Each structure stands twice: as C-alpha cells, then as structure tokens.
Amino acid sequence: MLGATIAVFAMWAFDKPERAAAAALPIFEKETHPTNYFGQPVAGGINLTGTCGELRPNHFHAGLDIDGVTGNAVFAAADGYIETIKVQASGYGNVLYISHPNGYKTLYAHLDRFASDIQAFVKNSQYEHERFEVELKPPDGLFKVRKGQQIGYLGNTGASGGPHLHFEIRSPSGKAVNPLLCGIPVLDNIAPDIRDMKVYFLNESREVLGSKAFSLKKDKKGNVGLEGDTVRIGGSRIGFGVKTYDRSNTRRNDNGVYSITLFANNQLAFQWTADEFDFDDSRYLNAHIDYSARQRYGAWFHRCFILPGDFLGNYTRTESLGAILLDANKPTKITLKISDATGNTRKLNFWALRDESAMETFLSAPYQFELPFDAESHIDLDGFSITVPKGAFYETVQFQYLVSQDNSSDVFSPMHHLHDEQTPVHKSFDLKIMPTHLPAALRSKAVIANCNDGRPDNCGGTWQGEWLSTRTRSFGDYCIMADTIPPRITPVVFAADMRRKNTMAFRILDNFAVTGTANNFTYRGTIDGQWVLFEFDKKRNRLTYEFDDRVSKGEHKLRITAKDDRGNEGVFEGKFMR
C-alpha cells in the first residue's frame, strides 16, 4: 500500500494468463534469428534453472542454465569448429566456444571436462605453459564438430552454484541472443508471476526522489490484482517497478522473464525485452533494477522507467521513457504486461490518479558534493582525492563524505566514508589516500582496503609520490592497511603414503579478498622439482592434483608455493610415497 496516498476499493483488476503467438506481440518482431539451425546441447527434455536476461549481480544472464547431472553428455548445437577453449578457476570454468558457418557462435560453460581429444590438447597446453588457467585458440579445423557430436561433459566448474550447462548463442555482431528465440525447445505454458510492485516519485529528469510499495492480491488461480481498481498517488510524475519471475512446466525455480511492457492510457510508455544483450552494456543492470532494494533487502525489482544515465539497448525508446504524468481529475489507465519467451503473458490493469490532498514531499539528506551523471567530477581534500569519470552514475549523486579516525594497529590512515553502498557505480573511479603513520618498512605492503563487510578487501595500490592510489567501482569505507601475511596452504588429502590415492588436495586461503586493481594470489606446485597440474576450484579454495604417469612409483618431494598481491609467499613441503 502507499500509506495514506492510495485509496482502497473492493474491486479486482486482473487478466487470466494468456498464451500469445510471437507475431501478436510487437516485442518479438525486433530482430529475426535462425529458428531451425541449432539443436539442443543435451539429451532428453531441457529443464531450465536460469533464463537469458535473468537478473544477476552486476549483469544480465547471457544464456540458458540447463539442469543436469555431472557427467551428462554435452553436444554441439550445430556444425562448426572449436574456436576457443578456456579453463578458469572462477567465471565459466571449463568452457568451449564453437564457431558456425552462419556466423553465429555457441558457448558451453561449467563443463566437468572436455571430450577426450580436446582434454588431451588442453592438458598438453597447460603443461607446456605451466599454467592451470589457459585460453587456447586451436588452429582452424583442428577440432571440427558435427551437429549432435559430443564435445564434453556437464559439470560444476567455475562460478557455478550446482551441476548445470550454461549455454549461449552469440550473433555475428557478438551479442548474446536469447536461445529460446532460436528454437531451443522448453516445455512452458505457465505465465510469469507478478509478486510485488512499487511506485517511484520522479523529478523532471526522471531521477528518483523516493519510492513506496503497494499491495497486490492473488486469487486461487494465480491471477494478480490490486485491492482496488484505482490508486491515488501523492505525486505528479511517477514510474513503476515490478518484482516478477517466470517458471517452466518442469521446474519450480524462479527464472527471469522475457519482456515487460507498460501502457499509459493505451499508449506505450515503457518496454524492456530480453532478446539479445551487448556484453559491454550488461552492467546497466544496476540502473534497470532498484539497486538500493537489492542491496538492502535482496529484492529484485525491474524499473518500468529509464533513469537518465541508463543507456541499455534493450529498451524501446518511447517519448516518456516510462515517466507518467498523473492528473488530479482524470485517472490514467495503466496496463502492465509481463511475458516469457514462449508467449505466455500476465496482465495487470488499474487506474492511477494524482492525490492533491496527500502529495509526497522528500527532503534530501545533508551532503557535501553534487556529482552529475553526465560529467566528470573531482574531489580533492586533505589526505583524500577521487576522480569520477563521466557516465559513472545513472542519476546525479548527492555525495556524502565523512572522515573518522581508526586507532586499529593495522590501519595507517583515517577511515574515509564514501557515500553509501546502496548507490551503484557504473565505471571505475580513481581513489587516492595519504597515509598518516605508515612505517617505511611497510610501504611495499601497503594497500587501499575496502572495509564495508567487516573483513577488509585488498583493492590494490600503487604509490604516486606520497599518495597511495587505486581504481575501484563501489562506494563504502576505505583506508590504508598493510598486508604482511602470506597465503595459508592446508592439506586436505595428503599423507606420507599416497599409494592408494588417486588425487591429492589442499585448501589455500589468504587473509585479504581482492577487488579493484589488486591481483589474486598465484600458486605453483612441483613434484621433484617438476611442475605438475594442480587444478584450482575457487568456490572451495581448493587445489587438486590427479595422479598420472608423470609420477612414478617410489618416494617423491612435493612443494607448493602461493604468492599474494603484495608478494607475501606461503610454502608447503612434504614427502610422499607413490
């Protein structure tokens, strides 16, 4: 409810879910993609745990997450050749890119392992370069594949939350295309679900002054409506936000929707479509969502209006860009339509009227600087400096800055409080801090630390005269600390007698997480002085070596080193029998 600003009427406003043909929705006519070219990349029915365009931290999901069991076969979706192979500790993990004759590419991520010939090629390259993480470009034609040929095995590598295949289709221009528009079959006749809504009060530039929620009601069939058909809102220029999810027939998990369309008096006011995504624009997700609600409550609200600094290419650029002018005498008819890629649609109708007797007022909190979204900004203070590039924000920021003293023994500057973590930052900005009592012996170990979550993050740092400088992409609390502690290497599967073991494993931890310009720790494992392939699972901070014929029978000496961003090195040494 909007508190005193919404009048409640005992009348429903909802539509039954409807399944519409693609041609009936203008949103589906934006661009044509091949619909009979690609086959499905797994056997059997496809069960989705994630859709293209789904809201994820700092990005839109670029493909389909297909549920499965580790070791299930993964197949090439069309004829072509393997263009790129990557092995990563995080991100996509083990991933293949296939180039197709029609100019499109397909991507297969989080694989447990590759097909045997590809796996052998990768392992030889890893030993050649003495690196676990590799990006390989096989010669054209080395790995030609046919549609339906097995190329790997479904898995859980990289930044994966469980066994699944992440599958993408990329257009000749390099954009991620929604695979459901390309004929990948998914059983779905369930309309999206509207869970919640908010109203936002806007200024003339479509910047947010404040927001409020209002109640939705659902009948036994899942249809949604308001408590009344007319809402009275204490504002003249407003926008809406909606929390909405989709489901398919075979899984109950919440997936992302395909399109959101808003009409005001039957005129298109706003339209967002998950048909394709430019990877360079994906971070505009933080403008598309209510970022503050996400940070504070974990709630994902789609905005149904466009902030002035949001240049995402997935909107239909209407005249109002989603901002709606309310009249005090004549209600505005609002129609909200939510669709999935199969054409199932949920619709909500209601009327909105400006309530002159309960107009909302918003007072801004005290602030020191105004940082426009469309210009570069500089702040230079005693011991502190930032330079923020044009386009770093989605709306003008009334920047709050405080400084306080931190007497902790490992803090070597005042604590600089930069605004708040609920304000998204699109581009990295330069941050410089002057130390106050840093011993000369610790100068090479000094880092700018972000202390937002209790445990400090190492943001890196290079010296510019007496200033320590870095680049970062979030507000919060920053100070100078020193990192003198090496990474810790702890045995998980290791003993003096390894004759009955197929693998050895270690956990590796550092005292600082890293962000900004800081580098992750590097590691190296050798047996009898020769490099061996330790695979690193970043989710579990775990190193694993699988024995092969490179290690013969007898006694061997193991040595593992790990070096962090500031050059602190941890070492584990041990002998074992094989």
Side-chain angles (χ1 to χ4, degrees), residues 1-3 48-63 65 67 90-91 158-162 164 166 192-201 208 210-218 222 224 239-248 251-258 260 272 274 277 282-305 307 310 312 314 336 338 340 346 348 365 393-395 397 417-426 450-457 472-477 513 515 538-539:
M1 295 277 306
L2 287 182
L48 295 183
T49 58
T51 52
C52 187
E54 196 166 287
L55 308 180
R56 300 288 178 89
N58 298 316
H59 70 285
F60 294 97
H61 192 235
D65 283 347
D67 194 21
S90 190
S160 169
H164 73 282
H166 175 85
D193 189 15
I194 299 176
R195 303 279 179 85
D196 207 352
M197 287 188 67
K198 295 179 73 172
V199 64
Y200 297 83
F201 302 90
V208 175
S211 65
K212 287 188 176 181
F214 59 94
S215 298
L216 298 175
K217 295 182 67 176
K218 186 178 293 185
V224 67
F240 290 100
V242 61
K243 186 195 297 184
T244 179
Y245 297 96
D246 189 33
R247 287 180 177 175
S248 61
R251 286 292 183 273
R252 293 188 58 82
N253 58 288
D254 292 334
N255 291 328
V257 301
Y258 172 71
I260 299 175
W272 169 87
F277 290 90
S282 194
R283 194 175 173 87
Y284 281 117
L285 170 125
N286 291 333
H288 177 74
I289 66 170
D290 185 331
Y291 188 84
S292 177
R294 168 61 183 164
Q295 293 294 99
R296 296 173 65 187
Y297 313 117
W300 293 99
F301 279 91
H302 294 259
R303 296 187 196 273
C304 299
F305 63 96
L307 293 177
D310 181 0
L312 180 68
N314 294 76
L336 177 66
I338 313 290
D340 63 25
R346 182 81 62 179
L348 174 64
F393 307 123
Y394 308 122
E395 52 190 334
V397 173
H417 307 276
L418 279 62
H419 203 61
D420 63 67
E421 299 171 66
Q422 298 170 23
T423 299
V425 183
H426 190 74
N450 180 305
C451 302
N452 290 355
D453 300 318
R455 178 186 176 185
D457 287 352
T472 186
R473 196 154 59 174
S474 63
F475 287 147
D477 299 339
T515 185
K538 192 172 182 179
K539 293 190 296 292

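Being a predicted model, the structure only gives us computed values, none of them experimental.
Contact detail for A293 and F301: the closest heavy-atom pair is CB-CD1, 4.3 Å. The minimum heavy-atom distance between S90 and K538, with the atom names listed, is CB-CD, 3.8 Å. In this structure, P192 and R346 approach most closely via the heavy-atom pair O-NE, 2.9 Å. In terms of heavy atoms, V257 sits closest to I338 at CG1-CG2, 3.7 Å.
Between C304 and I260, some side-chain heavy-atom pair lies under the 4.5 Å cut-off. Inter-residue side-chain proximity for H302 and T244 is flagged as met; some heavy-atom pair is nearer than 4.5 Å. A heavy-atom distance below 4.5 Å is not found between the side chains of R303 and I289. Looking at heavy atoms from C-beta onward, E54 lies in side-chain contact with N255 at the 4.5 angstrom threshold. Contact of the S474 side chain with the V425 side chain is not registered, since no non-hydrogen atoms from C-beta on lie closer than 4.5 Å. In this structure the side chain of L336 reaches within 4.5 angstrom of the side chain of I194, judged on heavy atoms. Considering only heavy atoms from C-beta on, R56 stays 4.5 Å or farther from L285 through its side chain. Put simply, the side chain of T51 does not reach to within 4.5 Å of the side chain of H61, judged on heavy atoms.
With rounding to the nearest 0.5 Å, the separation of CZ in R283 from CG in L312 is 13.5 Å. Rounding to the nearest 0.5 Å places CG of L216 at 6.5 Å from CG of L348. A distance of 10.5 Å separates CG in D477 from CG in D420, rounded to the nearest 0.5 Å. Rounding to the nearest 0.5 Å places CG of D254 at 12.0 Å from OG1 of T49. To the nearest 0.5 Å, atom CG of residue N253 and atom OG of residue S248 are 6.5 Å apart.
For the ring-ring contact (aromatic ring centres under 6.0 Å, His included) test with H426, the passing option among F393, Y284, Y291 is Y284; the others fail.
Donor-acceptor pairing under 3.5 Å is recorded for the side chains of N286 and N58. Side-chain contact check for Q295 and S292: no donor-acceptor pair (N or O, by modelled atom type) lies under 3.5 Å. A donor-acceptor pair shorter than 3.5 Å cannot be found between the side chains of D67 and H164.
Aromatic ring pairs are classed by plane angle as parallel below 30°, tilted from 30° to 60° and perpendicular above 60°; the pair F214 and F240 is perpendicular. Ring orientation note: the planes of F475 and H419 are nearly perpendicular, at an angle over 60° on the 30°/60° scale.
A centroid separation of less than 6.0 Å is found between the aromatic rings of F60 and H288. Here F305 and Y200 bring their ring centres to under 6.0 angstrom of each other.
With salt bridges taken as basic N to acidic carboxylate O contacts below 4.0 Å, one links K198 and D290.
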* Asked: How far apart are the C-alpha atoms of R195 and D193, what are their side-chain angles, what is the distance that settles it, and do they pass the salt bridge (charged side-chain N to carboxylate O under 4.0 Å, His left out) test?
  -> CA-CA 6 Å; R195 303 279 179 85; D193 189 15; 2.7 Å; yes
